[in-house]
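Below, read A as the first sequence line, B as the second, and so on, with proteins coming before strands; counting in each chain starts at 1. Everything quoted here is computed from the prediction, not taken from an experiment.
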Amino acid sequence: MISIKNLQASIEDKEILKGIDLEVKAGEVHAIMGPNGSGKSTLASVLAGREDYEVTGGSVTFENEDLLELSPEERAQKGIFLAFQYPVEIPGVSTTNFLKTAINQVREARGEKALDAVNFLKLMKEKMKLVDIDQSLLSRSLNEGFSGGEKKRNEIFQMAMLEPKLSILDETDSGLDIDALKIVADGVNTLKTNNTATIVVTHYQRLLDYIVPDYVHVLYKGRIVKSGDKSLALEFEEKGYDWIKEEVAAV
Amino acid sequence: MMMESTILEHLDSAFQGNAIQKEALNMLKEIGLPHKKSEAYKFTPITSILEKNVSFEEKGKNAIDKNKLYKEEGSHLVLINGILSKEDSKISDKLILKIGEITEGKHDPFSLLNTAYANEEIVIESGYEEPVFIYHFNFNGLSNPRIKVNVKDGHTFRIVEKLITPEDTNTFTNSYIEFTVGKNAFGYHTKVQNYNLATFSHETVVANVSRDSHFYNNTFSFEGALVRNNLTINLDDENCEGHMYGLFLLDKKSHVDNNTSVDHKMPNSYSNELYKGILDEKSTGVFNGKIYVRQDAQKTNAFQSNNNILLSEDATLHTKPQLEIWADDVKCSHGCTSGQLDEDAIFYLRARGINEKNAKAMILNAFALETMEHVKIESVREEIQELINKKLI
Ligand SMILES: Nc1ncnc2c1ncn2[C@@H]1O[C@H](COP(=O)(O)OP(=O)(O)OP(=O)(O)O)[C@@H](O)[C@H]1O
Ligand SMILES: [Mg+2]
């Protein structure tokens, strides 16, 4: 589905991604772990099309198309979804309101008919149940005054509404209590099909008990320094990242 | 001053007023029109701009565009060059309306200019709750529309005002409207200022508010070569409220200067002011908000804020709060912000599939919307919303 080759990116002349290689196929779940500041969110942002980052080398192909050529909205329309580590607050714009516009622009780009008010509401109700989110939250200003957990839940709600092909969840588990974590994980698992893929960025094994990854990668100083199956995550849980850092230093 | 004397000299030959007007003219000659050093017009050198751009010629009456009239219940007053045109108006027989001699007004230069040269004074009184729509069609080089509104005790009265001017000749409108709000009454005043780059205006709004009464002004400005709004609310008695909401959403070389003041004179009154500016291209926005709290006005609550978004490096903003407080038991707050569009917010919306233009419009629209809170007449709301959308998308 997505093929990342030797991807390099910098911001303000500071090199952050130093050659990332990653291949994600339909139906797969990949976890990306790694210490703070290693470039996980940067990778997520670059894939979503954030223009602050300058791609200085490498390529990204998404469903046989050069992803790096596309604007953020085109990427979303083609099925890329980023659940933000820090969802933005937008005063005066409600989730309901902007999602209606978003969904219809996505549908339009895919050559589908716009959803009318009735069908939009129906879809909302269905997806609200999935992530157990309250209507009142959705009619408030987007993320404004939301608790940490509410913001994350709202991200997954939006994902459910937009039905993306590739979801990138950037620390969606941080700030969630254990019940919310289960709900969010259940939501993600329900939406999973053989035609979708998920990249989960997390610091904790805990989430991976619920969203079971096929592969685990460790990102460190802008490079993927280790890949393995889910047992790799357990190793970090026990030993921390120091051994990885030592291993990298030794090379 | 050389400049101002040419305007006044030019007008002098056309003077035909009554004793009050004569006195106003004398006063005006004494104090003069604003000049380079006038603090109140620091960012809007109106006299020299008028001098350069407007010839105060009479153009007479042209055909009016009836499409500009709202399709709402109520009275629709059409004024042409400051004179009520009965044949173009639709006046409810419940509306109390008088046209007559010029009576006293405020004493600042442009109010005096209006007093001296107004052709007639239109007095309207609340007799029922239907709104009154006032349309100023001005073709002359100088028009001085003059209106007095009496909101009687216990009444609610809504006035909506619009100015329509030609695009191909420069015009100057110097309007004056004065509200007298009786006891336990509500006065609502909305102005829609969507002009063109040939339109110059100085618009004075005065409200004198009595005990237990509220006055609301909403001013929406979209385009104009020079628009100066002088809004004064006098909270003359106890337990009054004054509300001022404004939006200036400008592009091209539009210049809008909002000069507002609220005067708390007696205890227990409240004022709230919210002005928002969105400035694009080479536009200029000015906000000056004065709050006076007199010695007797204990337990006053006064709030003011002015928030602005600059969309272009060539746009200019001047904002200045001005508080003068003589009472000691007062709650007062003011704040102004100005910044660019929030890039993080735009990216967030784009990452959900909304294109850049719509994402920006959505954020700006939400920003602007707060100023519409007290506009209750549906077709006016719609028109403003449309104007906002047209500017943003
Ligand atoms: N706008 C920016 N300007 C300068 N440096 C930046 C900017 N954005 C990110 N960085 C730097 O890039 C590096 C990678 O940041 P990134 O947010 O990708 O890390 P992360 O792996 O997601 O960390 P965390 O686990 O804390 O979320 C950090 O050193 C960060 O300070
Ligand atoms: Mg991060």
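With a 6.0 Å radius and a threshold of 12 heavy atoms from other residues, nucleotides or ligands, A:Glu23 has its CD atom above the threshold. Atom NE2 of A:His203 is surrounded by more than 12 heavy atoms from other residues, nucleotides or ligands within 6.0 Å. Counting non-hydrogen atoms of neighbouring residues, nucleotides and ligands closer than 6.0 angstrom, the NZ atom of B:Lys282 reaches no more than 12 such neighbours.
Counting heavy-atom pairs closer than 4.5 Å to chain A, the top-ranked of the candidates B:Ala345, B:Gly353, B:Ala366 is B:Gly353. Ranked by heavy-atom pairs shorter than 4.5 Å toward chain B, the options A:Ser94, A:Ala109, A:Ala102, A:Pro164 are led by A:Ala102. With chain B as the partner, the residue from A:Leu82, A:Ile80, A:Val106, A:Ile103 showing the most heavy-atom pairs under 4.5 Å is A:Leu82.
Between A:Glu144 and A:Arg140 there is no salt bridge, since no side-chain N of the basic residue sits under 4.0 Å from a carboxylate O of the acidic one.
For the pair A:Lys40 (side chain) and A:Gly34 (backbone), a donor-acceptor distance under 3.5 Å is present. In this structure, B:Ser338 contributes its side chain and B:Ile309 its backbone to no donor-acceptor pair below 3.5 Å. In this structure, A:Ser141 contributes its side chain and A:Gly92 its backbone to a donor-acceptor pair below 3.5 Å. Listed for the B:Asp251 side chain is no donor-acceptor partner under 3.5 Å among the backbone atoms of B:Leu279. In this structure a side-chain-to-backbone donor-acceptor pair under 3.5 Å is missing from B:Ser254 to B:Ser283. Checking side-chain atoms of A:Asn143 against main-chain N and O of A:Val88 turns up a donor-acceptor pair under 3.5 Å. Formation of a donor-acceptor pair under 3.5 Å by the B:Asn196 side chain with backbone atoms of B:Thr199 is found in this model.
When the heavy atoms of residues 119-136 of chain A are compared with those of chain B, none of the residues falls under 4.5 Å. Of all residues spanning residues 43-78 of chain A, those with a heavy atom less than 4.5 Å away from chain B's heavy atoms are A:Ser45, A:Ala48, A:Gly49, A:Arg50, A:Glu51, A:Ser71, A:Pro72, A:Glu73, A:Ala76, A:Gln77, arranged by number. Taking 4.5 Å as the heavy-atom cut-off, the residues of residues 147-163 of chain A that approach chain B are A:Glu155, A:Gln158, A:Leu162, ordered by number. Taking non-hydrogen atoms and a 4.5 Å limit, the residue list of residues 370-379 of chain B in contact with chain A is empty.
Of the atoms belonging to A:Asn104, not a single heavy atom falls under 4.5 Å from chain B. Both the backbone and the side chain of A:Pro87 have a heavy atom closer than 4.5 Å to some heavy atom of chain B. Neither the backbone nor the side chain of B:Asn365 comes within contact range of chain A; no heavy atoms are under 4.5 Å apart. Neither the backbone nor the side chain of A:Leu99 has a heavy atom closer than 4.5 Å to any heavy atom of chain B.
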task: Please report the C-alpha distance between B:Arg228 and B:Asp257 in whole Å, then the side-chain angles of each, then the deciding distance to 0.1 Å, and finally whether the salt bridge (Lys or Arg N to Asp or Glu O under 4.0 Å) criterion is met.
output: CA-CA 5 Å; B:Arg228 165 69 176 226; B:Asp257 181 342; 2.9 Å; yes

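Counting heavy atoms from C-beta on, the side chains of B:Lys276 and B:Asn306 never come closer than 4.5 Å. Contact annotation: the side chain of B:Phe133 never approaches that of B:Lys162 to less than 4.5 Å [non-hydrogen atoms, C-beta and beyond]. Between B:Arg352 and A:Phe98 the shortest side-chain heavy-atom distance falls below 4.5 Å.
In this structure, B:Tyr188 and B:Phe186 have parallel ring planes: the angle between them is below the 30° cut-off, well short of the 60° mark. The aromatic rings of A:Phe84 and B:Phe347 sit perpendicular, their planes meeting at an angle over 60°, well past the 30° parallel limit. Using the six-membered ring where Trp is involved, B:Tyr275 and B:Phe287 have ring planes that are tilted, between 30° and 60° apart.
Tested against B:Cys332, the residues B:Ile325, B:Thr300, B:Asn301 include a single side chain to side chain contact (heavy atoms under 4.5 Å, CB included) partner, B:Ile325. Tested against B:Asn259 for a side chain to side chain contact (heavy atoms under 4.5 Å, CB included), the candidates B:Leu231, B:Asn288, B:Asn229 yield a single pass: B:Asn288.
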